[in-house]
Amino acid sequence: MNGAIGMDDSEGGPARPAEGRIGEWPGDVARAEALQQRLAPLVREEHLDADAVSLVAGLDVAYSADDDVLAAAVVVLAAPDWRTVDSATVVAQPRFPYVPGLFAFREAPPLLEAVARLETAPDVLVCDGFGVAHPRRFGLACHVGLALDRPVLGVGKTPFVGSAQPPAAERGSWSPLVDGGEVVGRCLRTRAGVKPVYVSVGHRVDLPSAGDLALRLAPQYRLPEPIRSADRLCRERLAAAA
DNA sequence: GCGACAG
DNA sequence: ATCTTGTCGC
């Protein structure tokens with residue numbers, strides 16, 4: 001691995017300008033991090049009535065064992081029973097290796113392409129990963145949120161940054177996820193006695209709204225239904241591609 | 001300096 | 001993320 005990690009067209013040709021469009025690889029790690037720092041202040045937190053939401057999209061990506069192929073999936077579910085009403089998938093090659101903190105540069109491009117193929121516009125999108133619970137306060141859910149200018153939240157299975165007290169055992173209890181003295185997310189128990197999930201703001205939603213919606217989206221299982229559906233679909237799509 | 005580190 | 005079966009419990 002070298003400075004221009006994983007870049008195919010960085011050998012030989014003239015250096016590409018680092019224009020910084022969301023969804024494009026900025027050229028190297030330093031530029032990618034600088035882009036996140038520059039975009040982080042653009043994240044907006046707005047109240048969203050979780051009970052009024054009717055169309056929610058879940059986003060996820062699956063990889064082949066050798067990391068040569070990926071399948072991105074978006075599934076749109078409708079309230080109140082979260083039935084699938086639309087979906088789209090994209091099969092592609094990973095353009096960048098997994099680097100903690102730069103996860104979005106790997107997953108956002110194929111996910112955004114899949115979203116573009118939907119016929120149904122969701123009210124909110126849920127990413128498998130984090131939003132502002134990120135070293136530079138700009139995780140995958142923020143990348144997707146700013147790119148689409150839509151409400152987006154992130155739900156992760158393990159904490160990335162910060163720490164939280166274990167929430168009480170009953171479903172619905174939560175504790176703040178704190179990093180560097182800042183509340184960057186919510187540690188939320190979606191199932192009694194089961195390991196909690198970590199919810200954070202992506203864009204155009206505030207943390208209480210994101211927490212409420214995440215809980216409403218997970219009436220039965222630990223993970224929100226949109227993420228479960230997207231996870232299932234991208235695995236199926238990957239298997240079909242291979 | 002060392003370890004940890006979303007998926 | 002992915003490699004992987006059965007098993008215990010509600």
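Chain naming here is simple, since letters A, B, ... match the order of the sequence lines and numbering starts at 1 in each.
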Query raised in the report: Contact class for A:Ala133 (heavy atom, under 4.0 Å): base, sugar-phosphate, or nothing?
Result: nothing

Query raised in the report: Does A:Ser229 use its side chain to pair, donor to acceptor, with the backbone of A:Pro226 at less than 3.5 Å?
Result: no

Query raised in the report: Is a donor on one side and an acceptor on the other found under 3.5 Å between the side chain of A:Asp123 and the backbone of A:Leu55?
Result: yes

Report task. Would you please determine if the base of B:dG7 is stacked by A:Tyr98, with stacking meaning a centroid separation under 5.5 angstrom and planes under 30 degrees? Result -> yes

Report summary line: A:Asp231 atom CG is separated from B:dA6 atom C1', nearest whole Å, by 14 Å

**Report entry** Check against ring-ring contact (aromatic ring centres under 6.0 Å, His included), A:His143 and A:Phe105
**Finding:** CA-CA 9 Å; A:His143 282 250; A:Phe105 293 99; 5.0 Å; yes

Requested in this report: Determine the minimum heavy-atom distance between A:Val155 and A:Val126, stating which atoms define it.
Outcome: CG2-CG1, 3.8 Å

Report task. Measure the distance from OH on A:Tyr221 to P on C:dG9 and round it to the nearest whole Å. Result -> 19 Å

**Report entry** OP1 or OP2 of B:dG7 under 4.0 Å from side-chain N/O of A:Thr158
**Finding:** yes

**Report entry** Sugar-phosphate only, base, or nothing, as touched by A:Asp67 at under 4.0 Å among non-hydrogen atoms
**Finding:** nothing

Report task. Test the A:Arg106-A:Tyr63 pair against the cation-pi criterion, namely NZ or CZ under 6.0 angstrom from the six-membered ring centroid and within 45° of the ring axis. Result -> yes

Query raised in the report: Would you say a side-chain N or O of A:Lys157 is under 4.0 Å from OP1 or OP2 of B:dA6?
Result: no

Requested in this report: Answer with base, sugar-phosphate or nothing: what part of the nucleic acid does A:Leu140 contact at a heavy-atom distance below 4.0 Å?
Outcome: base

Query raised in the report: Tell me: CZ of A:Arg106 to C1' of B:dC5, nearest whole Å?
Result: 15 Å

Query raised in the report: What is the distance from OH of A:Tyr198 to P of B:dG7, rounded to the nearest Å?
Result: 11 Å

Query raised in the report: With a 4.0 Å cut-off on heavy atoms, is A:Gly101 in touch with a base, just the backbone sugar-phosphate, or nothing at all?
Result: base

Query raised in the report: Whole Å only: how far is the CD1 atom of A:Ile227 from the C1' atom of C:dA1?
Result: 15 Å

Query - Whole angstrom value for the distance that separates P of B:dA6 from CZ of A:Phe105 - result: 17 Å

Query raised in the report: Which listed nucleotide (B:dG7, B:dA6, C:dT2) is nearest to the side chain of A:His134?
Result: B:dA6

Report summary line: Closest to the side chain of A:Arg235, out of B:dG7, C:dA1, C:dC3, is C:dA1

Query raised in the report: Starting at CG of A:Leu59 and ending at P of C:dA1, how long is that distance when rounded to a whole Å?
Result: 15 Å

**Report entry** Length of the line joining A:Glu236:CD and C:dA1:C1', which is rounded to integer Å
**Finding:** 17 Å

Query raised in the report: Which part of the nucleic acid, if any, lies within reach of A:Gly156 when heavy atoms closer than 4.0 Å are counted: base, sugar-phosphate only, or nothing?
Result: sugar-phosphate

Query raised in the report: Is A:Phe103 stacked on the base of B:dA6, meaning ring centres closer than 5.5 Å and planes within 30 degrees of each other?
Result: no

